[in-house]
Student: 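Below is the structure I would like to discuss, written out as structure tokens.
For clarity, every value in this text was computed on a predicted model and none was experimentally measured. Just so you know, residue 1 is the first one in the sequence shown, and it goes up from there.
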Amino acid sequence: MSAVLARDGRKGRPVSAAFALDLSRNLVLGLQRAGLIAFAAALLLWPAVVNGRPALFPDTALYFSEAEYLMEALGVVAPGHGVVPATDPTRLPETPGAPNVSAGIDGGRSPVWASFLYLLQRAGGVWLVAYVQACAAAFAVYGLYRVAAPRAPLAGYLTVMGGLAVASSLPVFATLMMPDVFAGVAAVCALTALVYWDRLGLVKRIALLALLVFSIMAHGSNAFVAAIFAVLGGALLAFSGVGVAQALKRSALVLLAAFIAVGGMRLAYQPMQARAGEVIGSPPFLSARVLADGPARAYLRRACDRGQVFALCRFARQPLANSDEILWSRMPGRAVFTLSDVATTRQLEREDLRFALSALLADPLGQAAASLRNAAEQLVLADVSDSFDDQRTFVTDGYWRRTSLPKIMPDAAACTVRGRCAPRVPSIAVSVLVDAVLAVSILFVGWRLAGSDMRASWRSVWERRSEDDDRARMIRLALLALGLLLANAAVCGVLSGPFPRYQARMAWIAPMVAGLMVARLGTAVSCHRRNRKY
């Protein structure tokens with residue numbers, strides 16, 4: 001009774017009534033924000049709507065098989081009652097002691113994202129997978145928008161998301177049944193944590209870190225990118241007014257997220273390994289990369305001629321000039337990993353790191369030059385053409401039609417007709433648009449950073465003053481976003497080789513930052529008009 005009779009001194013209302021009013025307002029505001037995010041996510045689905053279905057990728061089958069194997073190991077799915085056909089060549093071994101090459105292939109893929117794909121597909125099809133991925137991206141951008149431009153109207157968020165939907169690579173990867181979109185989601189979460197951590201409440205911090213950890217777990221390369229970015233970002237913050245203690249704290253948060261993500265991925269492999277009766281290996285990605293780069297080929301031939309034993313020695317006289325051929329080719333005289341017997345594939349996996357390090361030490365300058373070329377090439381490769389596969393392949397090809405892909409593809413029967421499931425939007429047009437918008441965005445960001453209104457903020461950054469200046473934060477955000485693109489190019493180019501999809505998955509970060517700057521500038525102009533100062 002006393003609580004009910006107690007009064008809010010500021011408004012003269014019972015405290016219980018004031019609490020109920022605040023609760024209802026917060027509920028309405030929360031629903032409004034959830035609706036905005038849901039609508040923004042729907043905007044990202046246009047490639048799937050236009051093409052008639054979310055896009056599948058060859059690796060989707062491998063992820064799906066891996067997830068069903070894990071679900072069976074956990075008892076979630078009864079063996080023989082899943083989706084993956086018994087004749088699927090991507091299936092993992094049914095019984096202990098019966099390894100096959102799929103175990104090695106799937107060892108290079110995240111079982112966490114695989115489970116995400118599998119469970120959502122079983123619950124609502126690949127359309128649900130695409131929409132949840134779009135929601136994750138929309139939520140991450142919303143969180144950054146609210147702290148980067150707190151005075152900007154919520155409608156500005158929809159403008160930013162609409163721009164990303166129309167003129168960036170984000171919708172392509174949100175609707176692709178691959179984990180690539182989460183590289184960008186992890187990037188946005190890391191940017192928010194490093195630049196705006198002090199503006200987040202407890203609930204938002206927990207949500208941010210949870211999404212960051214999951215996004216890093218979605219693909220192994222994300223952990224490398226996050227770790228490099230955390231170190232570089234911490235250094236930038238420490239020398240730009242945030243302070244060493246705060247910089248170390250925020251950098252440590254991103255590093256901790258990466259550490260937890262790696263541990264989570266390794267933990268997810270344990271039930272699979274227990275069922276298979278063997279270690280789920282990973283293909284020799286590093287060996288393939290250094291061999292394709294060139295210096296390692298000469299080292300391999302010298303080492304084999306001198307009697308040094310590597311499993312690769314039996315392939316030393318093959319071309320070994322293309323990493324995809326080394327790993328996945330089935331052509332005699334060019335194939336290495338895929339056509340090898342089980343004993344050889346296991347030896348190739350075990351020797352992967354040792355061979356790569358030995359080749360590096362044999363010619364460090366040659367390998368460094370090749371790696372730099374790969375990173376530079378990766379930085380400028382951002383088209384989405386290899387994400388626009390004709391879906392007909394997955395229902396007519398002699399290999400892929402035996403996998404789970406025809407079963408999870410919406411209206412797969414229609415794809416038996418030539419041309420029915422080809423992309424309805426030319427991939428070259430989308431790629432040109434993505435590249436053009438990326439270039440314009442980077443130029444715009446550079447132009448804004450050089451503006452006269454930013455000069456005082458630049459001084460506060462480099463003179464290590466307080467981080468309270470919103471423009472100084474925007475400078476840090478832009479510099480860190482550039483650092484992210486560089487880190488992604490370095491990790492993917494050096495470790496995997498330059499492939500357009502690897503950089504295109506992050507290309508939407510630049511137009512997002514440009515959109516935030518537009519929203520922030522618009523707020524500054526309106527405040528200036530009202531207050532004649534800002």
Side-chain angles (χ1 to χ4, degrees), residues 34 37-38 41-42 44-45 48 53-86 88 90-92 94 102-103 105-140 173-183 185-186 207 210-220 222 260-276 280 394 403-412:
I37 294 170
L44 300 177
L45 297 180
R53 59 190 54 78
L56 304 183
F57 198 74
D59 289 11
T60 306
L62 296 163
Y63 278 109
F64 204 83
S65 295
E66 178 182 35
E68 184 161 286
Y69 191 84
L70 176 58
M71 293 300 110
E72 290 176 351
L74 294 173
V76 176
V77 175
H81 291 77
V83 178
V84 179
D88 189 335
T90 68
R91 287 184 69 91
L92 271 73
E94 292 284 354
S102 292
I105 293 174
D106 287 328
R109 309 183 194 283
S110 167
V112 176
W113 186 84
S115 300
F116 167 89
L117 165 71
Y118 185 84
L119 294 174
L120 287 179
Q121 191 283 327
R122 296 295 302 270
V126 292
W127 281 101
L128 180 59
V129 180
Y131 187 63
V132 174
Q133 290 191 153
C135 284
F139 177 78
F173 291 102
T175 56
L176 178 67
M177 296 300 98
M178 288 287 286
D180 297 312
V181 68
F182 286 102
V185 174
L211 183 56
L212 176 59
V213 169
F214 176 82
S215 299
I216 295 174
M217 284 195 292
H219 196 274
N222 295 351
I260 293 173
V262 172
M265 281 194 290
R266 300 317 306 171
L267 184 63
Y269 277 121
Q270 299 310 308
M272 299 168 60
Q273 293 181 169
R275 183 184 177 193
I280 303 296
F394 303 131
T403 70
S404 59
L405 296 184
K407 289 193 171 187
I408 67 175
M409 180 190 300
D411 194 19

Student: List the steps, then state whether side-chain contact (heavy atoms from CB on, under 4.5 Å) holds for R53 with V126.
Tutor: CA-CA 8 Å; R53 59 190 54 78; V126 292; 5.9 Å; no
Student: So, the side chain of T60 versus the backbone of F57: is there a donor-acceptor pair under 3.5 Å, distance only?
Tutor: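 A pair under 3.5 Å: yes.
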Student: What are the two closest non-hydrogen atoms of A268 and P111, and how far apart are they?
Tutor: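 Of all heavy-atom pairs spanning A268 and P111, the closest is CB-CG, 3.5 Å.
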Student: Evaluate the side-chain proximity of S65 to D88: yes if any heavy-atom separation is below 4.5 Å, no if none is.
Tutor: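 Yes. Closest side-chain heavy atoms under 4.5 Å.
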Student: Rounded to the nearest 0.5 Å, what separates atom OG1 in T90 from atom CG in L405?
Tutor: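 T90 OG1 to L405 CG: 7.5 Å, rounded to 0.5 Å.
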Student: Nearest heavy-atom pair of L212 and A186: which atoms, and what distance?
Tutor: CD1-O, 3.5 Å
Student: Taking all non-hydrogen atoms of both residues, which atom of P406 and which atom of F394 are closest, and how far apart?
Tutor: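 Closest pair (atom of P406, atom of F394, distance): CG-O, 3.2 Å.
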Student: Without swapping roles, check the side chain of R109 against the backbone of Y63 for a donor-acceptor pair under 3.5 Å.
Tutor: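 Not at all, since once roles are kept as given, no pair shorter than 3.5 Å links the two residues.
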Student: Is it true that a side-chain atom of S110 and a backbone atom of M217 form a donor plus acceptor pair closer than 3.5 Å?
Tutor: yes
Student: How long is the straight-line distance from CE of M409 back to CE of M177, given to the nearest 0.5 Å?
Tutor: 11.5 Å
Student: So Y118 and F64, would you call those rings parallel, tilted or perpendicular, with 30° and 60° as cut-offs?
Tutor: tilted
Student: About how many Å separate CG of L44 and OG1 of T175, when rounded to the nearest 0.5 Å?
Tutor: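 Here the interatomic distance stands at 8.5 Å.
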Student: Assess the residue pair W113 and M265 against the criterion (side-chain contact (heavy atoms from CB on, under 4.5 Å)); give the C-alpha distance rounded to whole Å, side-chain angles, the decisive distance to 0.1 Å, and a yes or no.
Tutor: CA-CA 10 Å; W113 186 84; M265 281 194 290; over 6 Å; no
Student: Testing the basics here: between M272 and L70, what is the closest heavy-atom pair and its distance to 0.1 Å?
Tutor: CG-CD1, 3.8 Å
Student: Any side-chain heavy atom of Q133 sitting closer than 4.5 Å to one from F182?
Tutor: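 Yes, close enough: below the 4.5 Å cut-off.
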Student: Please report the C-alpha distance between E66 and Y69 in whole Å, then the side-chain angles of each, then the deciding distance to 0.1 Å, and finally whether the side-chain contact (heavy atoms from CB on, under 4.5 Å) criterion is met.
Tutor: CA-CA 5 Å; E66 178 182 35; Y69 191 84; 5.7 Å; no
Student: Rounded to the nearest 0.5 Å, how far apart are CD of Q270 and CG of L74?
Tutor: 11.5 Å
Student: OG1 of T403 to CD1 of I408: how many Å apart, nearest 0.5 Å?
Tutor: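 That separation rounds to 8.0 Å.
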Student: Are any of the side-chain nitrogens in E72 or R275 under 4.0 Å away from the carboxylate oxygens of its partner?
Tutor: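 A salt bridge is present here (some side-chain N lies under 4.0 Å from a carboxylate O).
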Student: Using modelled atom types and a 3.5 Å cut-off, is there a donor and acceptor pairing between side-chain atoms of D59 and backbone atoms of M178?
Tutor: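 No, D59 side chain to M178 backbone: no donor-acceptor pair under 3.5 Å.
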Student: Give me the ring orientation class for F214 and F116: parallel if the planes are under 30° apart, tilted from 30 to 60°, perpendicular past 60°.
Tutor: tilted
Student: Looking at V84, is its backbone amide N or carbonyl O close enough to the side chain of R91 to form a donor-acceptor pair, meaning the two atoms are under 3.5 Å apart?
Tutor: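 Side chain of R91 to backbone of V84: a pair is present.
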Student: L211 and A140: which non-hydrogen atoms are nearest, and at how many Å?
Tutor: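 Reported closest heavy-atom pair: CD2-CB, 4.1 Å.
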Student: Could you grab the distance from atom OH of Y131 to atom CG of L120, nearest 0.5 Å is fine?
Tutor: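 The CG atom of L120 is 13.0 Å from OH of Y131, to the nearest 0.5 Å.
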Student: Might you point out which heavy atoms bring A134 and L45 nearest each other, and give the distance in Å?
Tutor: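 Shortest heavy-atom contact: CB-CD2, 4.3 Å.
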